[in-house]
Trainee: 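The structure follows.
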Protein chains: 2
Amino acid sequence: MNTQTEHLTIQQVADATGLTEHTLRYYERIGLIHPIPRAGNTHRRYTTDDIGWIQFLMKLRATGMSIQDMQRYAALQRQGDETLAERVTMLRTLEQEVVAHMAELEEHLKLIRYKIDLYGAAVEAQKECAAP
Amino acid sequence: MNTQTEHLTIQQVADATGLTEHTLRYYERIGLIHPIPRAGNTHRRYTTDDIGWIQFLMKLRATGMSIQDMQRYAALQRQGDETLAERVTMLRTLEQEVVAHMAELEEHLKLIRYKIDLYGAAVEAQKECAAP
DNA sequence: CTACATCCTAGAGCGCGCTCTAAGTCAAGA
DNA sequence: TCTTGACTTAGAGCGCGCTCTAGGATGTAG
């Protein structure tokens, strides 16, 4: 299951994920990321698995999941398999929220496009009137 | 073009739109809503047109447009027809952003569903093992 | 050994979008 | 006349999700 191959610095992980070093430390502090083992008891050494988890976190964020819910999810994840059912429940809830959000966006997109067409035509008309 | 029929109190507008009175005053203060005329020089009296505009604002917000951009849009709107072209440009930009955002959500939705299926199956397997 | 980059922690600060407070005005009804 | 309650303003406060600072420790190349 684990494919921990490298020992990556925080900078490398920042580059790989697009998060800043600040944010990576912050995520660890608030429990979104497990306590990263240290080289010489100070400098963090991440694994490629950690990058995978961080990228998953970023996807959860991008769907609109709150930090609080992500903390809950991360805590469950760390507790192991007996929390699978609860995690599935969380994901199902998220799925429904995302679907609803997309439907709302779709709806608003229609209005935006309607206005673009309407105003776009008016702009064309303005140009004609301005012409000799 | 205008269909101003009623003179509505701020409370009625709050009820009609779902915004709070606080937020309505805030939106007016920062220029998202034009200065609402007053009854007896104090109490605001909205029109049904105002409600339409506010509902449009709420849709812009729901698409993710920032307050700053909405201020710009509202200012253009008040300047009149010669700003139509610029407003169309803003709407086109917004359209693209919404489309991109929806594509991202769609992508993440796939992952969420994949995990639901995967973990869901694992949960079923757990139940079977627990059974006599 | 020195210089320099990189990393560390704890905690303060920030931008956004509201949300609420305090103190006061005003109008209508008992 | 008095009370009640809806409304007003200016400005403070808040929750979120980072983002940055200060001050210090550590690792690596020359």
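Note on naming: letters A, B, ... go to the chains in the order of the sequence lines (proteins, then strands), and numbering restarts at 1 for each one. These numbers come from the heavy atoms of this one structure, side chains and all, not from hydrogens, waters or symmetry mates.
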Trainee: What is the separation between atom CE on B:Met70 and atom P on C:dC16, rounded to the nearest whole Å?
Mentor: 14 Å
Trainee: Output the single nucleotide from C:dC26, C:dC8, D:dC7 whose closest atom is nearest the side chain of A:Ile10.
Mentor: C:dC8
Trainee: What is the distance, rounded to the nearest whole Å, between atom OH of A:Tyr26 and atom C1' of C:dA10?
Mentor: 15 Å
Trainee: B:Gln68 CD to C:dC18 P: how many Å, rounded?
Mentor: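 Checked: the CD to P distance equals 14 Å.
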Trainee: At under 4.0 Å, does any side-chain N or O of A:Arg38 touch on OP1 or OP2 of C:dT9?
Mentor: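 Yes, such a contact exists.
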Trainee: Please figure out whether A:Thr9 or B:His43 has its closest DNA chain C nucleotide nearer the 5' end.
Mentor: A:Thr9
Trainee: Under a 3.5 Å distance rule, please check whether A:Asp117 uses its side chain to pair with a backbone N or O of A:Tyr114 as donor and acceptor.
Mentor: no
Trainee: To the nearest Å, give me how far apart CD (A:Gln11) and C1' (D:dT26) are.
Mentor: 15 Å
Trainee: Applying a 4.0 Å non-hydrogen cut-off, can you work out what A:Ser66 is touching in the nucleic acid: base, sugar-phosphate, or nothing?
Mentor: sugar-phosphate
Trainee: Taking for each residue the nucleotide of DNA chain C with the nearest heavy atom, is it B:Gly64 or B:His22 whose nucleotide lies nearer the 5' end?
Mentor: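 Between the two, 5'-proximity favours B:Gly64.
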Trainee: Kindly indicate, with the supporting measurements, whether the criterion side chain to side chain contact (heavy atoms under 4.5 Å, CB included) is fulfilled by B:Gln77 and B:Thr83.
Mentor: CA-CA 7 Å; B:Gln77 173 100 345; B:Thr83 66; over 6 Å; no
Trainee: Can you see if the side chain of B:Tyr27 gets near the phosphate of C:dC18 - specifically, an N or O under 4.0 Å from OP1 or OP2?
Mentor: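 Looking at the OP1 and OP2 atoms of C:dC18, one of them is under 4.0 Å from a side-chain N or O of B:Tyr27.
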Trainee: In whole angstrom, give the distance that lies between atom NE2 of A:His7 and atom C1' of C:dC7.
Mentor: 16 Å
Trainee: How close or far is atom C1' of D:dT8 from atom OH of B:Tyr46, stated in whole angstroms?
Mentor: 12 Å
Trainee: Can you identify which nucleotide, out of D:dG17, C:dC26, C:dC7, has its nearest atom closest to the A:Ile67 side chain?
Mentor: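 Per side-chain heavy atoms of A:Ile67, the pick is D:dG17.
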Trainee: Just checking B:Arg25: base, sugar-phosphate only, or nothing, at a heavy-atom cut-off of under 4.0 Å?
Mentor: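 Base contact.
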Trainee: Mind checking what makes side-chain hydrogen bond (donor to acceptor under 3.5 Å, both in side chains) contact with B:Glu106, not counting sequence neighbours?
Mentor: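 Partners of B:Glu106 under the side-chain hydrogen bond (donor to acceptor under 3.5 Å, both in side chains) test: none.
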Trainee: Base, sugar-phosphate, or nothing for A:Arg29, non-hydrogen atoms under 4.0 angstrom?
Mentor: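 Base contact.
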Trainee: Describe the nucleic acid contact of B:Arg44 in one word from base, sugar-phosphate, nothing, applying a heavy-atom distance below 4.0 Å.
Mentor: sugar-phosphate
Trainee: Please tell me whether A:His101 and B:His101 form a close aromatic pair, meaning their ring centres lie under 6.0 Å apart.
Mentor: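 Yes, close enough.
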Trainee: Check the distance between C:dC7's C1' and A:Ile36's CD1 and give it to me in whole angstrom.
Mentor: 15 Å
Trainee: For A:Glu28 and A:Pro35, which heavy atoms make the closest approach, and how far apart are they?
Mentor: OE2-CA, 3.6 Å
Trainee: Could you tell me the separation between the CD1 atom of B:Ile30 and the P atom of C:dT19, rounded to a whole number of Å?
Mentor: 13 Å
Trainee: Which sits closer to the 5' end of DNA chain D, A:Ala39 or A:Thr23, going by the nucleotide each is nearest to?
Mentor: A:Thr23
